[in-house]
Amino acid sequence: MEPAYDSIPDMRRTPRDTASEREGKVTARHTRIYSRRGDLGETSLTYGPRVGKDQKRIVLVGTLDELSSWLGFVRAECANAELNAILLAIQEKLFAVGAQVATLDPVKSRVTTLSHEDVTALEEMIDRLDQRLPPLDHFVIPGSSPLEAKLHLARSVCRRAERRAVALVRHDETVSRLLIAWLNRLSDLLFLAARFALEHPES
């Protein structure tokens with residue numbers, strides 16, 4: 001993914017780097033994390049123009065990034081290896097989804113896009129977890145455990161991402177509606193993941 005951020009350092013090779021490699025030396029260049037290009041409230045779409053940081057695509061990309069951070073927070077405390085692996089797979093997919101959103105023409109730019117198979121894959125994960133949980137006969141109030149509560153926080157961020165995806169799709173018809181379906185299934189999966197974390201705290 002080509003990040004849609006302004007602070008990506010210039011990692012282009014220099015003649016000095018190439019000469020060092022020919023000599024068999026491994027060198028590391030120290031590059032600044034800041035570029036100052038976003039100080040006026042603009043950033044760049046992947047392979048696209050500069051836009052305001054409040055532009056609908058950028059807002060959604062930021063929400064997906066927030067969701068991934070919450071999932072990382074959960075994984076750092078999750079003792080269930082199976083659930084940890086599921087959350088890691090979601091984080092990796094979120095990275096690709098963010099790239100799709102940040103690109104005006106993902107197909108032309110050869111950026112991986114969501115497919116119906118991606119939605120089906122989430123449904124299969126949901127079914128696997130649901131089969132190992134008791135029937136739900138009451139409303140769930142988050143807070144039964146720290147891990148469960150954090151997963152519900154992630155779920156609520158996912159719902160926010162879904163709402164922002166709806167707004168983006170209505171504003172820009174070039175954005176795939178599969179994005180909405182995928183985020184909808186993901187929020188369902190995170191709801192079950194929170195219940196699963198309570199029933200199966202360890203692998």
Derivation and outcome, side chain to side chain contact (heavy atoms under 4.5 Å, CB included), residues L147 and C78: CA-CA 7 Å; L147 191 65; C78 182; 4.3 Å; yes

Check against side chain to side chain contact (heavy atoms under 4.5 Å, CB included), L114 and K93: CA-CA 9 Å; L114 285 171; K93 194 64 182 180; 3.8 Å; yes

Residue pair L60, L179: steps toward the side chain to side chain contact (heavy atoms under 4.5 Å, CB included) verdict: CA-CA 11 Å; L60 178 53; L179 178 62; 3.7 Å; yes

Check against side chain to side chain contact (heavy atoms under 4.5 Å, CB included), Q55 and R50: CA-CA 10 Å; Q55 200 255 16; R50 291 186 66 76; over 6 Å; no

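L198 and S144 get closest at one heavy-atom pair: CD1-CB, 3.6 Å. Contact detail for Q100 and R57: the closest heavy-atom pair is O-NH1, 4.2 Å. Closest of all the heavy-atom pairs between K53 and G38 is NZ-O, 3.2 Å. Shown here for V169 and S176, the closest heavy-atom pair between the two residues is CG2-O, 4.0 Å. For the pair A154 and L71, the tightest heavy-atom approach, listed with the atom from each and the gap, is CB-CD2, 3.8 Å. V140 and E148 get closest at one heavy-atom pair: CG1-OE2, 4.0 Å.
Remark: the backbone N or O of D65 is not paired with any side-chain donor or acceptor of S68 at under 3.5 angstrom. Here the side chain of R185 pairs no donor or acceptor atom with the backbone of V119 at under 3.5 angstrom. With hydrogens and angles disregarded, no donor-acceptor distance shorter than 3.5 Å links the side chain of R75 to the backbone of L87. In this structure, E162 contributes its side chain and C158 its backbone to no donor-acceptor pair below 3.5 Å.
Atoms CG and CZ, on L183 and R163 in that order, are 11.5 Å from each other to the nearest 0.5 Å. In this structure, the separation between CD on E77 and CG on L151 is 10.0 Å, given to the nearest 0.5 Å. Between the CG atom of L129 and the CD atom of E199 there is a distance of 12.0 Å, given to the nearest 0.5 Å. Here L178 contributes atom CG and E117 contributes atom CD; the two are 9.5 Å apart, rounded to the nearest 0.5 Å. Rounding to the nearest 0.5 Å gives a distance of 9.5 Å between CZ of R159 and CG of L190. Once rounded to the nearest 0.5 Å, the distance linking CG of L136 with CG of L192 reads 9.0 Å.
Using modelled atom types and a 3.5 Å distance limit, the side chains of N80 and E202 yield no donor-acceptor pair. A donor atom on one side chain and an acceptor atom on the other are not found under 3.5 Å apart for S187 and R155. Using a 3.5 Å distance cut-off with no hydrogens or angles, the side chains of S115 and D118 do pair a donor with an acceptor.
L67 has its side chain within reach of L186: a pair of non-hydrogen atoms, C-beta onward, lies under 4.5 Å apart. Side-chain contact between K56 and R170: absent, with no pair of heavy atoms (C-beta onward) separated by less than 4.5 Å.
For the side chain to side chain contact (heavy atoms under 4.5 Å, CB included) criterion with P106, the lone passing option out of T112, V101, T113 is T113.
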